[in-house]
Amino acid sequence: MLLRASGQNENASYNINSITDSQLESGVKHAQHLRALTEAAISSDWLKLAEIRPQIESAIGRQQTVDTLVVASAFNGITRVADATGIPLDDNVALATVSLRNETGIQRFEYAEKSDRYG
Amino acid sequence: MYPDHLPLSTQLNQAHAQAWQTISAPGDFFTGAQRLEMVRISRQAIGCKLCEARQSAISPNAISGEHDGHSSLDNTIVEMIHRIRTDPGRLTKSWFDHTTQTISKQAYVEIVSVVTSAVIIDTLHNSLGQGVPNLPLSIRGRVGKNFNQDAVEAGAWVPLLAAGADTTDTDHLPEVPNIIRALGLVPSAVALFFGTFRPHYTLKDIQLSISQSQAEFIAARVSAMNECFY
């Protein structure tokens, strides 16, 4: 939802489905580099990250490479806060994102659905 | 905490140093030594054979056994830390209920805060090729035993910080989103986690070299990888 809102603020349109489908073009600048850095960091694949970091620094610059990892590391923590406390979506977000959650497959992460799957 | 050649803000550097200091000191339900042990266990969870087997299973509950390594912490806490570190997307209410039969919800919230703050710091260090930072020495002292008695049941597993339903004028986002309220049962847990998190990201006008939409793309990708519904 926040990606969609950013697009509106920037007069741009982003493909939300690209979040869960890497084959789709997102429309976000340097998305393939951001995705590669993020996925290596969150997977704790430090060897891969050491390999791709210099290449991506050459493509998008050192500061943007570091800042991508700054954001990714923050969300590696805060998603765990959400998952460990079972917080519900904020009411207006829940109402505004029904179709988006179903389109992207995010609905399957809903906590009651997880309890049904995993016990 | 970081070498000078890395282009990180002073604010972030200071926040992480402060978080490390705070973790090493007594909290409200655990001593400094216990809190540092939580960080050590969190690191040990990466590569734990039981956790790897569970991650490959259809349900983590299908595999039983013992986690790698030894700890002075109670087994329930060790299990909790391993699950939060290695398989957060498959935590469930029944797992939470089972966990909080042994430890109080207040203690649970403090553990979440310590472990997730350390995850942020360790992830950034590792991502930048620095290896994880050394743990400081623990600071002796008594636990505070303070918690928020006005926390409310609001549909989460834990009581949340009480907040109104006001929304921001521009984005229709709540003034106090549930993620801010999540650790509200223990104010020191809120302070530790968001003190660590805040220099990394803001909901608008992000003060980094990447745009807000790039930051949201990264955030959304992490959420999907960690199967985070929120």
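Values below: all heavy atoms of this structure, side chains included; hydrogens, waters and symmetry mates excluded. Chain naming here is simple, since letters A, B, ... match the order of the sequence lines and numbering starts at 1 in each.
Heavy-atom distances place no part of B/I111 under 4.5 Å from chain A, backbone and side chain included. Contacts between B/L128 and chain A at a heavy-atom distance below 4.5 Å involve backbone atoms as well as side-chain atoms. Proximity to chain A involves both the backbone and the side chain of B/P7, based on heavy atoms less than 4.5 angstrom apart. Proximity to chain B (any heavy atom under 4.5 Å) is shown, for A/S43, by both the backbone and the side chain. Contacts between A/A82 and chain B at a heavy-atom distance below 4.5 Å involve backbone atoms as well as side-chain atoms. Heavy atoms closer than 4.5 Å to chain B are found in both the backbone and the side chain of A/I78. With a 4.5 angstrom heavy-atom cutoff, A/R53 touches chain B only via side-chain atoms. Only the side chain of A/S44 comes within contact range of chain B, with heavy atoms under 4.5 Å apart. Contact of B/A154 with chain A is made through the backbone alone, with heavy-atom distances under 4.5 Å.
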Review point. Do B/E52 and B/S56 pass the side-chain hydrogen bond (donor to acceptor under 3.5 Å, both in side chains) test, and can you show the C-alpha distance, the side-chain angles, and the key distance before you say yes or no?
Key: CA-CA 6 Å; B/E52 286 177 355; B/S56 303; over 6 Å; no
Review point. How far apart are the C-alpha atoms of B/H200 and B/L124, what are their side-chain angles, what is the distance that settles it, and do they pass the side chain to side chain contact (heavy atoms under 4.5 Å, CB included) test?
Key: CA-CA 10 Å; B/H200 288 250; B/L124 186 58; 4.1 Å; yes
Check your understanding: Do A/V70 and B/Y201 pass the side chain to side chain contact (heavy atoms under 4.5 Å, CB included) test, and can you show the C-alpha distance, the side-chain angles, and the key distance before you say yes or no?
Key -> CA-CA 8 Å; A/V70 164; B/Y201 170 84; over 6 Å; no
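Residues B/I77 and B/D74 are in side-chain contact: their nearest non-hydrogen atoms beyond the backbone lie under 4.5 Å apart. B/L91 is not listed as a side-chain neighbour of A/Y118, based on a closest heavy-atom distance of 4.5 Å or more. You'll find the side chain of B/N148 stays beyond 4.5 Å of the side chain of B/V186, heavy atoms only.
Comparing B/L6, B/V158, B/I121, B/I84 by how many heavy-atom pairs each has under 4.5 Å with chain A, the most go to B/I84. Residue with the most contacts toward chain A among B/A224, B/A219, B/S127: B/S127 (heavy-atom pairs, distance under 4.5 Å). When the candidates A/G61, A/S73, A/A40 are compared by the number of heavy-atom contacts under 4.5 Å with chain B, A/S73 comes out ahead. Highest contact tally toward chain B, considering only A/I87, A/V71, A/T79, is held by A/I87 [criterion: heavy-atom pairs under 4.5 Å]. In terms of heavy-atom pairs under 4.5 angstrom with chain A, the leader among B/K105, B/H125, B/K93, B/R85 is B/R85. Between chain B and the residues A/L69, A/N76, A/L49, the largest count of heavy-atom pairs under 4.5 Å involves A/N76. Contact tally against chain A (heavy-atom pairs below 4.5 Å) for B/N126, B/T116, B/V119: the top residue is B/N126.
Under the 4.0 Å criterion applied to side-chain N and carboxylate O atoms, B/E110 and B/R35 are assigned as salt-bridge partners. The existence of a salt bridge linking B/D87 and B/R90 is confirmed by a sub-4.0 Å separation between a basic side-chain nitrogen and an acidic carboxylate oxygen.
Ring centroid separation for the pair B/F29 and B/Y108 does not come in under the 6.0 Å cut-off.
Using a 3.5 Å distance cut-off with no hydrogens or angles, the side chains of A/Q63 and A/D67 do pair a donor with an acceptor.
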